Protein chains: 2
Amino acid sequence: MVDTPGLAAEWLNCLQDSGYKLTRTRRVLVELLASSTRAYGPIELYDAARERCPGLGLVTVYRTLEKLEELSLVQRLHQPDGCHRYLRATQGHQHVMVCSGCGEVEVFSGDNLEPLFHRLADQTGYSIEQHWLQLFGLCPACQAAERQAEA
Amino acid sequence: MVDTPGLAAEWLNCLQDSGYKLTRTRRVLVELLASSTRAYGPIELYDAARERCPGLGLVTVYRTLEKLEELSLVQRLHQPDGCHRYLRATQGHQHVMVCSGCGEVEVFSGDNLEPLFHRLADQTGYSIEQHWLQLFGLCPACQAAERQAEA
DNA sequence: TCATAAAATGAAAACGATTTTCATTTGCAA
DNA sequence: TTGCAAATGAAAATCGTTTTCATTTTATGA
Ligand SMILES: [Mn+2]
Ligand SMILES: [Mn+2]
Ligand SMILES: [Zn+2]
Ligand SMILES: [Zn+2]
């Protein structure tokens, strides 16, 4: 479990320690991301944040996400449609299952892939820079919603 | 190992069996993709194909890739930069390590992830629609080229 | 071989997520 | 306070990809 209230404060400190300034907008965006298990799309985050920051521009959302990712506070998820979602990175890089409907995320572990990756690097000479293990599907709620829509 | 010459012919049959017509352009694109272990970006494929089809349009490359993917003859790879590459799918869906420099691909297996996926689906109620396991890095040749560039 | 309808093609325009530019505002250290 | 770097929003630009549309090809079968 994650200490959500403390987490936002940590992130703000982290931003400040890195030479970034604290603004009303950043506080709101950080609060939203740090307190949610969902992966937000930029527009979703924009809409949520505008309830508290009416004049907010979408650009600022992108710029803030960029900084949070740079600081490894959020993890960018790539989706089959090519768009992105952003998820709080409470344990660094995570392997996830994402709901294509609502962006809800299940973080999982139990895959023991490191040995495989090392063996691959050894045998092929590749230098591995990053890896993705992501599942895509529908959460129970979105499955139900889909059944509704069909009927 | 893959019977490359026969593979292109198989793909052309597959296209024809699906109601698509055979054109000079398709033969060339199929030949390029079926005979390579590389994952091509659309522009790379376009450039390679234009050597034999000078008037070729980039749209046609996209349209052909779309059909080949639909028939599971190629697999679309997503890259960190958001762009795509297309790899011949000789064994259906594959787990791969891609060189970010040249698109060379190492297909690998030996990860036994199915049980994990089933357990996740059971425990969370998610319906899993697809999954990605992809590594990104540099092949030995591109590592060497990078060292050259630095020096 | 020829006629035909469906499919394929390329040029140009449209799309849409993301990024850049630029003039203005804001945070914060001195 | 002051001064300056950083942050912001509006508008324009990017760029990979898709759509539109008029024209050309392909497969079929009379
Ligand atoms: Mn990992
Ligand atoms: Mn797989
Ligand atoms: Zn959902
Ligand atoms: Zn390479």
Side-chain angles (χ1 to χ4, degrees), chain A residues 9 11-31 39-47 49-71 73-86 98 100 103, chain B residues 11-31 39-47 49-71 73-74 76-86 98 100 103:
Chain A
W11 288 20
L12 293 173
N13 285 335
C14 185
L15 280 165
Q16 211 160 29
D17 292 348
S18 308
Y20 297 123
K21 296 177 174 172
L22 300 189
T23 63
R24 166 154 183 67
T25 296
R26 280 189 184 163
R27 287 177 213 276
V28 169
L29 292 172
V30 160
E31 168 64 28
Y40 278 99
I43 305 275
E44 290 170 358
L45 190 58
Y46 174 59
D47 287 337
R50 264 190 306 176
E51 297 189 1
R52 287 196 262 162
C53 298
L56 176 62
L58 179 55
V59 228
T60 301
V61 173
Y62 275 104
R63 286 191 279 227
T64 302
L65 288 170
E66 183 180 28
K67 288 172 181 59
L68 294 177
E69 189 191 10
E70 171 196 325
L71 299 174
L73 300 174
V74 302
Q75 173 173 352
R76 181 206 299 235
L77 304 183
H78 298 250
Q79 301 181 102
D81 69 4
C83 300
H84 300 132
R85 288 182 176 276
Y86 294 82
V98 192
S100 318
Chain B
W11 288 19
L12 293 172
N13 285 336
C14 185
L15 279 165
Q16 211 159 28
D17 291 348
S18 308
Y20 297 122
K21 295 177 175 173
L22 299 189
T23 63
R24 166 154 183 69
T25 296
R26 281 191 182 161
R27 287 176 213 276
V28 169
L29 292 172
V30 160
E31 168 63 27
Y40 278 99
I43 304 276
E44 290 170 357
L45 190 58
Y46 174 59
D47 288 337
R50 265 190 307 176
E51 296 188 3
R52 287 196 261 160
C53 298
L56 176 62
L58 179 55
V59 229
T60 301
V61 173
Y62 276 102
R63 287 191 278 227
T64 302
L65 288 170
E66 183 180 27
K67 288 173 180 58
L68 295 177
E69 190 190 9
E70 171 197 325
L71 298 174
L73 299 175
V74 302
R76 180 206 300 236
L77 303 183
H78 298 251
Q79 300 181 104
D81 69 4
C83 299
H84 300 133
R85 288 182 177 277
Y86 294 81
V98 193
S100 318

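What you are looking at is a predicted structure, and each value in this text was computed from that prediction instead of being measured. All values below come from the heavy atoms of this structure, side chains included, with hydrogens, waters and symmetry mates left out.
- Counting heavy atoms from C-beta outward, A:R26 and A:L29 have side chains that stay 4.5 Å or more apart.
- Separating the CZ atom of B:R26 from the P atom of C:dG10 is a distance of 11 Å, rounded to the nearest angstrom.
- For A:Y20 and D:dT8, the OH to C1' distance is 15 Å, given to the nearest whole Å.
- Atom pair A:E44:CD and C:dA17:P shows a separation of 12 Å (rounding to whole Å applied).
- Scanning all heavy atoms of the two residues, the minimum distance from B:H84 to B:H78 falls at NE2-ND1, 3.3 Å.
- For the pair A:L71 and A:W11, the minimum side-chain heavy-atom distance is 4.5 Å or more.
- Taking atom OH on A:Y46 and atom C1' on C:dA17, their separation rounds to 14 Å, with Å as the unit.
- Whole-Å rounding puts the B:K67 NZ to D:dT26 C1' distance at 14 Å.
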Revision key, fill the gap. Reading nucleotides 11-25 of chain D from 5' to 3' and marking B where a protein heavy atom lies under 4.0 Å of the base, S where only the sugar-phosphate is that close, and - otherwise, the string is -----SSBBB-----
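- We find that CG of B:D17 is positioned 13 Å from P of D:dA27, with the value rounded to whole Å.
- The NE2-C1' distance, from B:H78 to C:dA17, rounds to 15 Å in whole Å.
- Place A:G57 and B:R24 on DNA chain D by their nearest nucleotides, and A:G57 ends up nearer the 5' end.
- Proximity of A:L45 to A:L65: side-chain heavy atoms (C-beta onward) are separated by under 4.5 Å at one or more points.
- Here the side chain of B:R24 pairs a donor or acceptor atom with the backbone of B:R52 at under 3.5 angstrom.
- For the pair A:L65 CG and C:dA17 P, the interatomic distance rounds to 15 Å; values are reported in whole Å.
- Not a single donor-acceptor pair under 3.5 Å links the side chain of B:R76 to the backbone N or O of B:E66.
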Check your understanding: Run the side chain to side chain contact (heavy atoms under 4.5 Å, CB included) check on B:L15 and B:L68 step by step: do they pass?
Key -> CA-CA 8 Å; B:L15 279 165; B:L68 295 177; 4.2 Å; yes
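- Listed pair A:Q16 / C:dG27 fails the phosphate criterion, with no side-chain N or O lying under 4.0 Å from OP1 or OP2.
- Of the residues near DNA chain C, B:G19 and B:L56, the one whose nearest nucleotide (by heavy atom distance) lies more toward the 5' end is B:G19.
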